[in-house]
Amino acid sequence: MPRVTAKIALVMATLNGLAPWKTAGQVLRLAKGYGMETVVAVDHRSSDDTAEVLSPFIDRLIDFRNATPYCEEILDELIASARTHWCFIVSDDEMPSEELWKFALGAKEPFIYRPRMVAPLPGWRGHYLPLLTYQPRIFPQDSIRWPHGGIDILPVRALEERNIPQVLWHFNLWAPRK
């Protein structure tokens, strides 16, 4: 296995990561610019050439077959594929705040960290909706697993969890309603 100098891996699952309302490309470019390892799973149903277009920013690419509306069932495989001690999960429709990027890149105690999840409301500039889902996002690679897939399912965890004030912007409300 190639030597990895990154201290943390950005882990992402995506379906059509190039859609106009998704942030996958921007997040992966930033992660590579910060020197992070990038581990990405592209849903086989993607029809927008996500894997090909974003390949310069992906260290480890996993193609997976998925029948659910969400890509998170692949999280355990993604986390296990990282070659770093720390993992940072960012969904393809999210953007870490500058403060969260700094926190993810810095030295941390061995805890599972949960950032503050915030979603901007479309067309309502300046109004935000706090998300109430349980979403640990920064953790040592071997400290957490999802027994049935999905980030909204309570994971099996080996470490204490800590809420942190740094924001992870979640743009799911910008998605088209089908």
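Side chains included, hydrogens not; waters and symmetry mates left out as well; all remaining heavy atoms used.
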Measuring from atom CG of Asn16 to atom OG of Ser46, what distance do you get when rounded to the nearest 0.5 angstrom? 4.5 Å
Can you list the steps and then say if Trp101 with Tyr34 is a ring-ring contact (aromatic ring centres under 6.0 Å, His included)? CA-CA 9 Å; Trp101 283 113; Tyr34 287 131; 5.2 Å; yes
Do Val11 and Phe88 touch side chain to side chain, with heavy atoms closer than 4.5 Å? no
List in chain and number order the residues that pass side-chain hydrogen bond (donor to acceptor under 3.5 Å, both in side chains) with Arg29, two or more places apart in sequence or in another chain; answer none if no residue qualifies. none
With side chain to side chain contact (heavy atoms under 4.5 Å, CB included) as the criterion, how do Lys32 and Asp59 come out once you've worked through the C-alpha distance, each side chain's angles and the decisive distance to 0.1 Å? CA-CA 9 Å; Lys32 290 306 295 177; Asp59 294 312; 2.8 Å; yes
Give the minimum heavy-atom separation between Val90 and Leu10, together with the two atoms involved. CG2-CD1, 3.7 Å
Could you give me the CA-CA distance, side-chain angles and deciding distance for Glu77 and Ile62, then say whether side chain to side chain contact (heavy atoms under 4.5 Å, CB included) is met? CA-CA 9 Å; Glu77 185 177 342; Ile62 299 170; 3.6 Å; yes
So, for Ser91 and Arg137, which heavy atoms are closest and what is the spacing to 0.1 Å? N-NH1, 3.9 Å
Heavy-atom side-chain proximity of Cys87 to Gln141 below 4.5 angstrom: yes
Is a donor on one side and an acceptor on the other found under 3.5 Å between the side chain of Arg114 and the backbone of Gln135? no
Using the side chain to side chain contact (heavy atoms under 4.5 Å, CB included) rule, pick out the option among Asp49, Leu28, Leu61 that qualifies with Leu54. Leu28
For Asp48 and Gly17, which heavy atoms make the closest approach, and how far apart are they? OD2-N, 3.5 Å
Between Asp93 and Lys22, does any side-chain N to carboxylate O distance fall below 4.0 Å? no
Measure the CD1-CD1 distance between Ile138 and Ile144 for me, rounded to the nearest 0.5 Å. 12.0 Å
Is Arg60 close to Arg83 at the side-chain level, that is, under 4.5 Å between some pair of heavy atoms? yes
Closest non-hydrogen contact found for Val27 with Met12 is CG1-CE, 3.8 Å
Would you mind checking if Asp43 and Arg65 are paired as a salt bridge, meaning a charged N to carboxylate O distance below 4.0 Å? no
Do any side-chain atoms of residues 103-113 form donor-acceptor pairs under 3.5 angstrom with protein atoms, and if so which ones, sequence neighbours left out?
unit_1	atom_1	unit_2	atom_2	d
Lys108	NZ	Ala104	O	2.8
Lys108	NZ	Gly106	O	2.4
Tyr113	OH	Glu109	N	3.3
Tyr113	OH	Glu109	O	3.0

Atom of Ala31, atom of Thr38 and distance for their closest heavy-atom approach: CB-CG2, 3.9 Å
For Leu18 and Thr50, the nearest pair of non-hydrogen atoms, with its separation, is N-OG1, 3.8 Å
Counting C-beta onward and ignoring hydrogens, is there a side-chain heavy-atom pair between Trp86 and Glu37 closer than 4.5 Å? no
Can a donor-acceptor pair be found between the side chains of His170 and Glu94 at a distance below 3.5 Å? yes
Whether the side chain of Thr84 engages the backbone of Ala9 through a donor-acceptor N/O pair (distance < 3.5 Å, no angle test) should be reported. yes
